[in-house]
J.: 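Okay, here's the structure, questions in a sec.
This structure is a prediction, so every number in the text was calculated from the model and none was measured. Lettering follows sequence order; numbering is per chain, from 1.
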Amino acid sequence: MTRQLTFSQAVNEAMAISMREDQDVILLGEDVAGGAAVDHLQNEEAWGGVMGVTKGLVQEFGRDRIIDTPISEAGYVGAAVTAAATGMRPIAELMFNDFIGSCLDEVMNQGAKLRYMFGGKAKVPLTIRTMHGAGFRAAAQHSQSLYSFFTHIPGIKVVIPSTPYDAKGLLLQSIFDDDLVVFFEDKTLYTMKGDVPEGSYRIPFGKADIKRSGEDVTIVAIGKMVHTAIKAADELSKNGIEAEIVDPRTLSPLDEDTILSSVEKTGRLVVVDEANPRCSAATDIAALVADKGFDYLDAPVKMVTAPHTPVPFSPSLEDIYLPTPDKIVKAVQQMTGSELVM
Amino acid sequence: MTRQLTFSQAVNEAMAISMREDQDVILLGEDVAGGAAVDHLQNEEAWGGVMGVTKGLVQEFGRDRIIDTPISEAGYVGAAVTAAATGMRPIAELMFNDFIGSCLDEVMNQGAKLRYMFGGKAKVPLTIRTMHGAGFRAAAQHSQSLYSFFTHIPGIKVVIPSTPYDAKGLLLQSIFDDDLVVFFEDKTLYTMKGDVPEGSYRIPFGKADIKRSGEDVTIVAIGKMVHTAIKAADELSKNGIEAEIVDPRTLSPLDEDTILSSVEKTGRLVVVDEANPRCSAATDIAALVADKGFDYLDAPVKMVTAPHTPVPFSPSLEDIYLPTPDKIVKAVQQMTGSELVM
Amino acid sequence: MSQTQTNQAAVSKEEATWMFQKMLEIRHFEDRVHEIFGTGVLPGFVHLYAGEEAIAVGLCSHLDDNDYITSTHRGHGHCIAKGCDLDGMMAEIYGRSTGLCKGKGGSMHIADIEKGMLGANGIVGGGFPLAVGAGLTHKLKKTGGVAVCFFGDGANNHGTFHEGINMAAIWDLPVIFVAENNGFGEATPFHYASSCKSIADRAISYDIPGERVDGKDVIAVREAAQRAVERARNGEGPTLIECVTYRNYGHFEGDAQTYKGEEKVKHLSDLDAIKKFYTYLTEQGIMTEEELDRMDEEVRGAVDRAVEFAEKSPHPLPEQLLEDVYVSYKTEGGAVS
Amino acid sequence: MSQTQTNQAAVSKEEATWMFQKMLEIRHFEDRVHEIFGTGVLPGFVHLYAGEEAIAVGLCSHLDDNDYITSTHRGHGHCIAKGCDLDGMMAEIYGRSTGLCKGKGGSMHIADIEKGMLGANGIVGGGFPLAVGAGLTHKLKKTGGVAVCFFGDGANNHGTFHEGINMAAIWDLPVIFVAENNGFGEATPFHYASSCKSIADRAISYDIPGERVDGKDVIAVREAAQRAVERARNGEGPTLIECVTYRNYGHFEGDAQTYKGEEKVKHLSDLDAIKKFYTYLTEQGIMTEEELDRMDEEVRGAVDRAVEFAEKSPHPLPEQLLEDVYVSYKTEGGAVS
Ligand SMILES: Cc1ncc(C[n+]2csc(CCOP(=O)(O)OP(=O)(O)O)c2C)c(N)n1
Ligand SMILES: Cc1ncc(C[n+]2csc(CCOP(=O)(O)OP(=O)(O)O)c2C)c(N)n1
Ligand SMILES: [Mg+2]
Ligand SMILES: [Mg+2]
C-alpha cells in the first residue's frame with residue numbers, strides 16, 4: 001500500500017498489467033522498444049521509449065506486441081485507429097504531443113469521428129499516450145500542452161493525471177475504455193514519486209479529485225499545475241487563506257459537478273493551466289463557472305496560464321513562461337485582497 | 001458605394017487587387033485554377049476553386065502566380081511558409097479547414113513559431129484562406145469550424161468575416177500583414193450579397209464591429225452567427241429587448257475593449273459560436289468577460305453553440321446541430337426573464 | 001464472394017455472374033443517383049464511381065466479409081462490390097435513419113464494418129494508414145484475411161501514401177494498395193500533379209511488386225488482384241496495383257468537366273468496362289446475352305426498389321444527434337449550455 | 001563559399017582550405033559541446049553532427065548566402081557549413097541573448113536567415129516542404145539560387161518526404177534533397193524502418209536522378225552535389241542524393257547507444273571523414289600537414305573563444321519572453337490575465 005513508484009513506473013506498470021490481462025493490447029510507437037532488427041538485441045530493447053517509460057515491455061511481451069514504428073506518425077496512429085476498430089486494443093505512443101501536427105487527421109477526422117459517422121456501428125478502443133509540457137528546456141516544438149485541441153474535438157476523451165497513483169489508474173481505465181482516449185504525460189513529472197498500489201485498479205473518467213480542501217477559494221489546476229497550486233496553497237494558508245484544489249483528471253468528460261460545488265462553497269475560482277491562454281482548458285473551465293456557477297461567484301474568475309507566446313528555449317525565459325506558485329498567490333490575493341487579511 | 005457583391009466576389013476581388021498591387025503575392029492551392037497542363041486550358045481555369053471563389057485569377061495573373069498544387073497539404077502549406085519567409089507574400093488556400101489534419105505541423109510548428117524561434121529575425125507574411133462551417137450537408141469531415149485551434153496557437157492571427165464588406169477589407173489587410181493569418185470563409189456565406197466599395201481598403205485587425213446597437217444584452221457572434229444573432233435580435237426587439245451584436249471579426253487579436261464596453265453597458269453576455277463547445281472561441285470570450293468584465297455582469301454568461309458531437313450528414317440533424325435564432329432568443333430569455341417583460 | 005481458384009485466363013460462370021451483377025449494380029446505382037441528384041433532392045457532395053466498376057469488382061471478387069477494404073470519397077462502388085446492401089446505401093445517401101450509418105455519414109462516409117467495408121472517406125489519402133491497421137489486425141490475429149486500400153491518382157501524392165505503403169512493406173502486412181488512376185484529381189491531371197511516370201513505378205520505393213493494369217478490363221484486374229491476394233495471404237507482404245481508368249461523370253455532381261478532352265467519348269463507349277465484359281462473356285461462351293440482359297433488368301429493378309426504400313424511410317430523430325459520439329455515455333444537450 | 005567551377009577529381013587549394021576548415025569547425029564544435037554537455041551546464045536536447053561533416057561541407061561548398069538550406073534536429077553542422085558565426089551559435093546553445101536566435105531557439109532551432117540557413121528543425125521531416133518553398137521563391141524571383149534540404153534516414157519515411165520531393169519535381173524547382181543516412185533514426189535501424197534498399201532508389205518515384213555516395217568522402221559528396229547544383233541552377237529540377245554516413249555520438253547526448261555494433265569502431269578511426277580528407281589533401285599535395293595542423297590549432301582556438309563568448313553572455317531579459325511573436329504588436333502580459 002505504501003509502495004512508492006515514480007510516475008514513469010506507474011505508467012509502465014499500467015501498460016504491463018493491461019497487456020497481461022488482454023492479448024489484444026499492443027503498443028506502437030517510435031523506439032518504444034528501440035533496436036528492432038538489431039541482431040544482438042532481439043527481445044532486448046535499445047531504449048524502451050525516449051524517456052525510458054516503456055522499458056522492459058519488449059522483454060516480457062515481445063516484438064509482436066511492442067512495435068517500433070518508422071517516423072510516420074500519420075501512418076502508425078492511423079493504423080492504430082483501424083487496428084482498434086477491427087479487434088485490437090492498441091496503445092499508440094505519440095512521443096511528444098507537439099507531433100500531433102503530423103497526424104491530426106488520423107485522430108480528429110478518422111479516429112474521433114469513426115463511430116459517429118458509422119452510426120454507432122463501430123468503436124475505437126485506442127489509447128494515445130503522449131508527452132507534453134514545458135520546463136524541460138526542450139523549446140518551442142517539444143514543450144507544448146495541447147490538450148485543448150483534443151478536448152475541443154467530440155469523440156475523444158482527454159486524460160491528464162497529476163500523480164503516479166492517478167496515472168496508473170487512469171491509464172488502465174483508458175486502455176480498457178472503448179473510446180479513443182488521449183492520455184497526457186507531463187515529461188517533468190516522470191521522476192516524481194508517489195504511493196501506487198500493486199495490481200489492477202481503474203479510476204473512472206469524469207471524476208475530479210480534490211487534492212486539497214479549503215473554504216476560501218477554488219483552484220482548478222491541470223496536470224502538473226496541481227503541484228504548483230499546492231505550493232501556492234501552502235503559502236496562502238500562512239496568510240489565513242485556505243484554497244481548495246480541484247484536479248479534474250479528465251478534461252473530457254469534465255466533472256462539472258465537483259468544480260461547481262467547490263465554487264459554491266468558496267465563491268471564488270482560479271484556473272491554473274500551463275497551456276497558452278486563448279481557447280484553452282482554462283477558458284473552458286472559467287466559462288463553465290461563469291455560466292452554471294455564476295450565482296456562486298463573489299469575485300472575477302482568474303486564470304493563471306502561460307502567456308500567448310511559443311515556449312522559449314532559454315531557461316531564464318522558460319522559467320517565467322510557466323505559472324508559478326507566486327503568480328497563483330498574486331491572483332488569489334487580487335480577488336480576496338479586500339476581504340481577507342494577507 | 002452601393003455596388004453589391006457576393007461574399008465570394010468580395011474575396012476574389014481582394015485577391016485580385018492585392019496581386020495587382022504586389023508582384024510577390026501568389027496563390028497556391030488545389031484547383032485554385034484547375035486544369036493545369038491541360039492543353040486546351042492554358043491560362044483558362046477549369047474550376048477557379050472548388051466553389052468558384054478564385055475564378056478569373058489565372059486569366060489575369062497566369063499560372064506562375066495562380067498555382068495548382070498536388071493533393072499535398074503539408075507540402076504546399078509548408079512551402080508557402082518559407083516562400084513567405086524568403087520574400088514572397090503567398091496566399092495558400094486550404095480548401096476545407098478540416099484538412100488542417102494533413103498540415104497542422106506546417107502551420108503550428110513551422111509557420112507560427114518561425115519568427116519566435118529565430119529571435120525575431122524572420123517574418124512569415126502568409127495568408128491561409130480556408131472554408132469552414134456547417135449547413136452545407138457536407139458531413140463530419142467537411143463542416144467543422146476549427147478557429148479555436150488557431151486562436152490557441154501563438155504566432156497566428158485569426159480572421160473571420162461575416163459580410164462581403166468585411167471579407168474584402170479584412171482579406172486585403174491579411175495579405176499585406178506581415179504575420180501568418182488564417183482567414184476563415186463560411187461556405188454558406190459565399191452567395192450572400194452586400195455593399196462592397198471598389199478599390200483597395202483595409203480593415204485593421206483587433207477592431208470588433210458593432211453590427212447592431214442595443215442596451216439590454218450583448219451578443220458576441222462569430223462569422224455567420226452574426227446573421228443568426230441579428231434574426232434573434234429582431235425577434236427579441238419585438239419583446240422589448242434590445243440586443244447589441246458585437247462581431248469580433250478577428251479572434252486573434254481579439255478586441256477585448258469593445259466586448260467589455262458593450263457588456264458594461266448591457267450587463268449581460270451571450271456568445272454565439274457554431275463550433276463545438278469545449279475549449280472554444282465561445283468559452284474564450286465568456287472567460288474574458290468573467291474575468292475582466294465580472295463586475296459588469298448582472299446574469300450568468302450564456303453560450304449558444306453546436307453540441308459536443310461531430311457534424312451529422314442528415315439535413316434533419318444538421319439543422320438542429322447549428323445555433324438558431326430561436327436558441328439565442330431562449331438563452332436571452334433565460335437570463336433576462338426575471339427582469340424584462342417578454 | 002469467397003476465395004477461389006480460377007483457371008488462367010477465365011472465370012467460372014458462377015464467378016462471372018457475381019462479377020457482372022456487381023458491375024451492373026454499381027453502374028445502375030450511380031446512374032440513378034446522378035439522375036436523382038439532378039432533381040435537387042439529394043443533399044451534400046456526391047462523387048460517382050460509374051466507369052470504374054471493373055476495379056472494385058475485380059478486387060473484391062477475391063474477398064469475403066472477413067477481409068477489409070478502405071475506400072475514398074468515391075465510395076459507392078467499393079461498398080457494392082464488398083456486398084453492402086443497396087437499400088441501406090441509398091437510404092444513407094438520402095440521409096435517412098434506415099441508412100447504413102443511420103443517415104449520419106452520407107455518401108462520403110458510407111460504411112459497413114460487418115461487411116468489412118471500413119468506410120468511404122472524405123479525406124483524400126485517409127485510407128492508407130487505415131488499411132495498414134486492418135492488415136495489422138489480420139497479421140496479429142492470424143486471420144488469413146487481407147485489407148485492400150483503394151485510392152485515387154490524386155491521393156498518390158499525399159504523404160499517407162508513402163507512410164502507409166512503407167509500413168505495410170516493412171511488416172509484410174497483407175495489404176493491397178489499389179490505385180484507381182482515372183487521370184484526374186478533381187480538375188487536375190495525373191501527369192501534372194504526379195512526378196512519376198506511373199503509380200506502379202512507385203512500388204520500387206518500397207521494394208514491393210508494382211503492376212499497371214487496364215482498369216477497364218475486369219479480368220485483367222481480377223488476375224492482378226489474385227497474385228496480390230495470394231502474396232498477402234501467404235505472408236509475403238503488400239502489392240501495389242495501378243488500374244488505369246476513367247470516370248464517366250464529373251469529379252462530383254455539378255462539375256462542368258471542361259478539363260476533359262476527346263478521350264471522354266471513347267471511354268463512354270468502346271472502352272466501357274461493362275460493355276467489354278459483356279462481349280468477353282458472350283464471346284467466350286461463359287454466359288449468354290439473354291442471361292446478361294436479364295440480370296440487367298433485375299438490377300435496374302433492385303435499384304428502383306432501393307430508391308423507393310430510401311424515399312419512404314424516416315428521417316433521423318432529433319435525439320440521434322447526440323448519440324454515437326462515445327460508447328460509454330451520451331453527449332448532453334449542449335446547444336444552449 | 002561562392003559558386004565555383006572545379007576540375008574533375010580535385011579541389012583547388014582555396015576550396016580545400018575552406019572545406020577542411022569547415023569540417024574542423026564542425027568536429028571541434030561538436031566535440032566541445034559533447035564535453036560541456038557532460039558537465040551538466042547545457043540545457044535541453046542536443047544532437048551532435050560529429051562524423052557527418054563531409055556531407056554538410058561537401059554540399060555547402062557550392063552555395064553562397066543567397067542559397068538556402070533547411071536542416072534537422074542535428075543542425076550544428078549545417079549551420080557551420082553555411083557560414084554561421086560560431087560565437088552566435090554557441091551562445092544560442094547556451095540560451096543566451098547574444099545567440100543567433102537571442103536564446104529563444106536553442107540547439108534544435110538554431111537559424112540564420114541572413115546566411116540562408118532556414119533553421120534546424122525539431123520536427124523530423126519538417127524540412128522538405130520548407131525547402132520546396134525556398135526553391136519556389138528562387139524560381140519565381142529568378143534568383144538563380146538553390147535550396148538544399150538535409151534530412152535523415154529516419155525522415156525518409158515521413159509523409160513530407162514524398163510530398164516535398166514530388167512538388168519539387170513537378171515544378172522543376174532548384175531543390176536538392178540530401179539524405180544523411182547514418183544507419184539509424186534514434187535507436188531504430190534504417191534497414192528496419194525503410195522498405196527501400198537505398199534511399200536513392202526512391203528517386204524513381206519522382207522521375208529525378210538519385211545518387212548514393214560515400215558520405216564520409218567529402219570529395220565524393222562535393223562532386224555529386226556539383227551535378228545536382230548545376231541541374232538545379234539550370235532549371236532542370238531536383239536531385240536526390242543519399243550520403244552514407246555514421247554519427248560519432250549517440251542520437252542525442254545521454255544515449256547509451258546499445259543498438260550500435262562493431263562498425264562503430266571503424267567509423268571513429270579508419271572511416272573518419274576528416275582523417276580521409278587529411279590524407280587525400282596531403283597525398284595529392286594540395287596542402288601540407290603543417291598547414292592542416294595549423295588550421296586544426298586555430299579552429300580549436302576559435303571554438304574556445306566561442307565557449308568563452310557564450311559563457312560570458314547575458315541571459316535574455318524577462319521582457320523578451322513576449323517579443324517576436326508577431327511583427328505588428330507585442331504580446332501582452334497574459335501570465336495572470
Ligand atoms: C486531404 C484532402 N485534400 C483535398 C480534398 C479535396 N478533394 C476531394 S476529392 C479530391 C480529388 C481526389 O482525386 P483522386 O485521388 O484522383 O480521386 P478521384 O476523385 O479521381 O477518384 C480532392 C482534391 C480532400 N477531400 N482531402
Ligand atoms: C515528427 C517527429 N517525429 C519524431 C521525432 C522524434 N525524433 C527526433 S530525431 C528522431 C530520429 C531521426 O532520425 P534521422 O532522420 O535518421 O536523423 P538522425 O538523427 O539520424 O540524424 C526522432 C524519431 C521528431 N522530432 N519529430
Ligand atoms: Mg483521380
Ligand atoms: Mg539517421
J.: Please list, in residue-number order, every residue in residues 94-118 of chain B that has a heavy atom less than 4.5 Å from any heavy atom of chain D; write 'none' if there are none.
T.: Asp105(B), Glu106(B), Asn109(B), Gln110(B), Arg115(B), Tyr116(B), Met117(B), Phe118(B)

J.: Please state whether the side chain, the backbone, both or neither of Leu118(D) comes within less than 4.5 Å of a heavy atom of chain B.
T.: both

J.: Specify the closest pair of heavy atoms between Ser252(B) and Tyr326(D), including all atoms of both residues, with the distance to one decimal.
T.: OG-OH, 3.6 Å

J.: Under a 4.5 Å cutoff for heavy-atom pairs, which residue among Glu92(D), Gln320(D), Lys102(D), Met108(D) has the most contacts with chain B?
T.: Lys102(D)

J.: If every non-hydrogen atom of Pro129(D) is compared with every non-hydrogen atom of Gly78(B), which pair is closest and at what distance?
T.: CB-CA, 3.6 Å

J.: Measuring from atom CD1 of Ile113(D) to atom OG1 of Thr86(B), what distance do you get when rounded to the nearest 0.5 angstrom?
T.: 7.0 Å

J.: Taking heavy atoms only and a threshold strictly under 4.5 Å, list by residue number the residues of residues 119-130 of chain B that touch chain D; give 'none' if the list is empty.
T.: Gly119(B), Gly120(B), Lys121(B), Ala122(B), Lys123(B)

J.: Any donor-acceptor pair under 3.5 Å linking the side-chain atoms of Ser328(D) with those of Lys157(B)?
T.: yes

J.: Going from CG on Asp64(B) to CG on Leu136(D), what distance comes out if it is rounded to the nearest 0.5 angstrom?
T.: 9.5 Å

J.: Below 4.5 Å, heavy-atom pairs only: which of Pro316(D), Gly99(D), Ala111(D) has the largest tally toward chain B?
T.: Ala111(D)

J.: Checking Phe205(B) against chain D: side chain, backbone, both or neither under 4.5 Å from a heavy atom?
T.: neither

J.: Would you compute the distance between atom OG1 of Thr69(B) and atom CG of Asn166(D) and round it to the nearest 0.5 angstrom?
T.: 10.5 Å

J.: If I measure from the heavy atoms of chain B, does Leu321(D) come under 4.5 Å with its side chain, its backbone, both, or neither?
T.: both

J.: Can you measure from OH (Tyr329(D)) to CG (Asp179(B)) and round to the nearest 0.5 angstrom?
T.: 7.0 Å

J.: Checking heavy atoms, do the side chain of Lys139(D), its backbone, both or neither come under 4.5 Å from chain B?
T.: neither

J.: Go through the atoms of Glu114(D) and report whether side chain, backbone, both or neither lie under 4.5 Å from a heavy atom of chain B.
T.: neither

J.: Which region of Phe128(D), side chain (C-beta onward) or backbone (N, CA, C, O), has a non-hydrogen atom less than 4.5 Å from a non-hydrogen atom of chain B, or is it both or neither?
T.: neither

J.: Side chain, backbone, both or neither: which part of Leu130(D) has a heavy atom under 4.5 Å from chain B?
T.: both

J.: Measure the shortest side-chain to side-chain distance between Pro70(B) and Ile170(D) over non-hydrogen atoms and say whether it is less than 4.5 angstrom.
T.: yes

J.: For Leu180(B), is it the side chain, the backbone, both, or neither that has a heavy atom closer than 4.5 Å to a heavy atom of chain D?
T.: neither

J.: Side-chain contact, heavy-atom cut-off 4.5 Å: Trp171(D) with Ile67(B)?
T.: yes

J.: Counting only non-hydrogen atoms closer than 4.5 Å, does Asp112(D) touch chain B with its backbone (N, CA, C, O), its side chain (CB onward), both, or neither?
T.: neither

J.: What's the shortest heavy-atom distance between Ala74(B) and Thr160(D), and which atoms?
T.: CB-CG2, 4.1 Å

J.: Might you point out which heavy atoms bring Val132(D) and Ala79(B) nearest each other, and give the distance in Å?
T.: CG1-CB, 3.9 Å

J.: Could you check Leu140(D) against Arg65(B) for side chain to side chain contact (heavy atoms under 4.5 Å, CB included), going step by step and ending with a plain yes or no?
T.: CA-CA 9 Å; Leu140(D) 292 172; Arg65(B) 296 179 68 193; 5.8 Å; no

J.: Within a 6.0 Å radius of atom NZ on Lys330(D), are there more than 12 heavy atoms belonging to other residues, nucleotides or ligands?
T.: yes

J.: Does any backbone or side-chain atom of Glu73(B) lie under 4.5 Å from a heavy atom of chain D? Answer side chain, backbone, both or neither.
T.: backbone

